[in-house]
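Quick caveat: nothing in here was measured; it's all calculated off a predicted structure.
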Amino acid sequence: MLDFNALAEFSRTNCTGICAFLVPANIIATSLTIILTVMGRPIHQVWKSVGFATIFALVMVLHVFTWFMIGVVMLPTYILLSLAISCLLTNFAAILWHKYQVRHNSQTQSA
């Protein structure tokens, strides 16, 4: 059985390493989603990128929430939380934009 308290303590103990991985991973994965969407790549490629970026962002949110659980309310926690939320919103917007572009292109070609 997974012990949530041990996992949260591990997250707080190894905060520097976790953040050193998650911050660039979020930025790179979200940038890849934007690039694939702008290039008009097939939707399955965009969804794969969104999937990885969403996983990284959700792990970042959970990591920040472990700090909130013990009462640590500092500027870095809000910065990391806003980075994760903005990555989630950007990926969601990329999916919507890709669907709009496909629909718009198909209507333009048929007219």
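Under a hydrophobic-cluster definition in which Ile, Leu, Val, Met, Phe, Trp and Tyr are linked whenever side-chain heavy atoms come within less than 4.5 Å, directly or via other members, Phe52 and Val46 are assigned to different clusters. Linking Ile, Leu, Val, Met, Phe, Trp and Tyr residues whenever their side-chain heavy atoms come within less than 4.5 Å places Leu81 and Phe21 in a single cluster. Placement of Phe56 and Leu88 in two distinct hydrophobic clusters is found when ILVMFWY residues are connected by side-chain heavy-atom separations under 4.5 Å, directly or transitively. One hydrophobic cluster, built from ILVMFWY side chains closer than 4.5 Å, cannot hold both Leu32 and Ile55; they sit in different ones. Placement of Val59 and Val61 within a single hydrophobic cluster is found when ILVMFWY residues are connected by side-chain heavy-atom separations under 4.5 Å, directly or transitively.
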Q: Could you walk me through whether Met60 and Val23 pass the side-chain contact (heavy atoms from CB on, under 4.5 Å) test, one step at a time?
A: CA-CA 8 Å; Met60 175 88 75; Val23 169; 3.8 Å; yes

Q | Stepwise side-chain contact (heavy atoms from CB on, under 4.5 Å) check, Tyr100 with Leu96 | A | CA-CA 6 Å; Tyr100 170 78; Leu96 292 178; over 6 Å; no

(Q) I'd like to know whether Lys48 forms a side-chain contact (heavy atoms from CB on, under 4.5 Å) with Gln45, so could you lay out the CA-CA distance, the side-chain angles of the two residues, the decisive distance to 0.1 Å, and finally the verdict. (A) CA-CA 5 Å; Lys48 285 180 187 177; Gln45 291 180 354; 5.8 Å; no

**Q.** Worked check of side-chain contact (heavy atoms from CB on, under 4.5 Å) between His98 and Trp47
**A.** CA-CA 10 Å; His98 191 280; Trp47 271 108; over 6 Å; no

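Using modelled atom types, one finds a donor on one side chain and an acceptor on the other under 3.5 Å when comparing His63 with Ser11.
Between the CG atom of Leu89 and the CD1 atom of Ile85 there is a distance of 7.5 Å, given to the nearest 0.5 Å. In this structure, OG1 on Thr13 lies 8.0 Å from CZ on Phe10, to the nearest 0.5 angstrom. With values rounded to the nearest 0.5 angstrom, Ile34 atom CD1 is found 10.0 Å from Trp97 atom CH2. Distance CD1/Ile43 to CD/Gln101: 11.5 Å, rounded to 0.5 Å.
In this structure a side-chain-to-backbone donor-acceptor pair under 3.5 Å is missing from Thr30 to Ile27. Panel note: side chain Asn26, backbone Ala57; a donor-acceptor pair is recorded below 3.5 Å. The closest donor-acceptor contact from the side chain of Arg12 to the backbone of Trp67 lies at 3.5 Å or more, if one exists at all. Ser82 places a side-chain N or O within donor-acceptor distance of the main-chain N or O of Ile79, the cut-off being under 3.5 Å. The backbone N or O of Val73 lies less than 3.5 Å from no partner atom in the side chain of Thr77, so there is not a single donor-acceptor pair.
Using cut-offs of 30° and 60° for the angle between ring planes, the Tyr78 and Phe68 rings count as tilted.
The residue from Thr37, Thr54, Thr33 that alone fulfils the side chain to side chain donor-acceptor pair (under 3.5 Å) condition with Asn91 is Thr33.
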